[in-house]
Amino acid sequence: PSVHHAGRRHYGGLLKAGVHIHETRDRMMHAKAAVFDDDLAIVGSSNLDNWSLRYNKEINLEVIDRQAADDLCRAMRDIQAQSTHITFDAWQRRPLINRLLETLFGIADDLL
């Protein structure tokens, strides 16, 4: 839960920039996945943070294959269909306790 709240503090800027955020309901998915230009698929565990870049032993796999990219898109759509879409308006209306937890765990994250 602490990581969840620390990460949510970035939602506002991401949503304003046009990023679509979907949160899974029943499970946490650690994998990161992306498809580019219909034939480049990337799946891995790396985060875009100092821990992943400097200390964690994480890895991403790149595959240049249209069928693999299509399969990954289909899997991502299935997960998205079972997820909650977070809008900027809903994020702004989140409860005060969530805002406090995001701030608290965000400060802890920045100190680490």
Between [X] and [Y], which heavy-atom pair has the shortest distance, and what is it?
{"X": "Thr87", "Y": "Ala90", "value": "OG1-N, 3.1 Å"}
{"X": "Asp38", "Y": "Ala69", "value": "O-CB, 3.5 Å"}
{"X": "Gly12", "Y": "Phe88", "value": "O-CE1, 3.8 Å"}

If we ignore angles and hydrogens, is there a donor and acceptor under 3.5 Å between the side chains of Tyr11 and Glu23? yes

Within the 3.5 Å criterion, strictly below it, is a donor on Asp65 or Gln67 matched to an acceptor on the partner's side chain?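 Side-chain D/A pair, Asp65 to Gln67: absent.
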
Without swapping roles, check the side chain of Lys32 against the backbone of Ser45 for a donor-acceptor pair under 3.5 Å.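 Such a contact is found between Lys32 side chain and Ser45 backbone.
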
Checking Ile59 now: which residues fulfil side chain to side chain contact (heavy atoms under 4.5 Å, CB included) with it, not counting sequence neighbours? none

Are Trp91 and Leu14 joined in one hydrophobic group, where the rule is that I, L, V, M, F, W and Y side chains link up if heavy atoms are under 4.5 Å apart?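 Yes.
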
In one Ile/Leu/Val/Met/Phe/Trp/Tyr side-chain cluster, 4.5 Å: Ile107, Leu101: no

Please assess Leu15 against Ile86 for the test side chain to side chain contact (heavy atoms under 4.5 Å, CB included), listing each intermediate value before the final yes or no. CA-CA 9 Å; Leu15 291 164; Ile86 309 297; 4.3 Å; yes

Applying salt bridge (Lys or Arg N to Asp or Glu O under 4.0 Å) to Arg74 and not counting sequence neighbours gives Asp71

Could you list all the salt bridge (Lys or Arg N to Asp or Glu O under 4.0 Å) pairs where at least one residue sits in residues 79-97, not counting sequence neighbours?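 Applying salt bridge (Lys or Arg N to Asp or Glu O under 4.0 Å) to every pair that reaches into residues 79-97, excluding sequence neighbours, yields Arg94-Glu102.
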
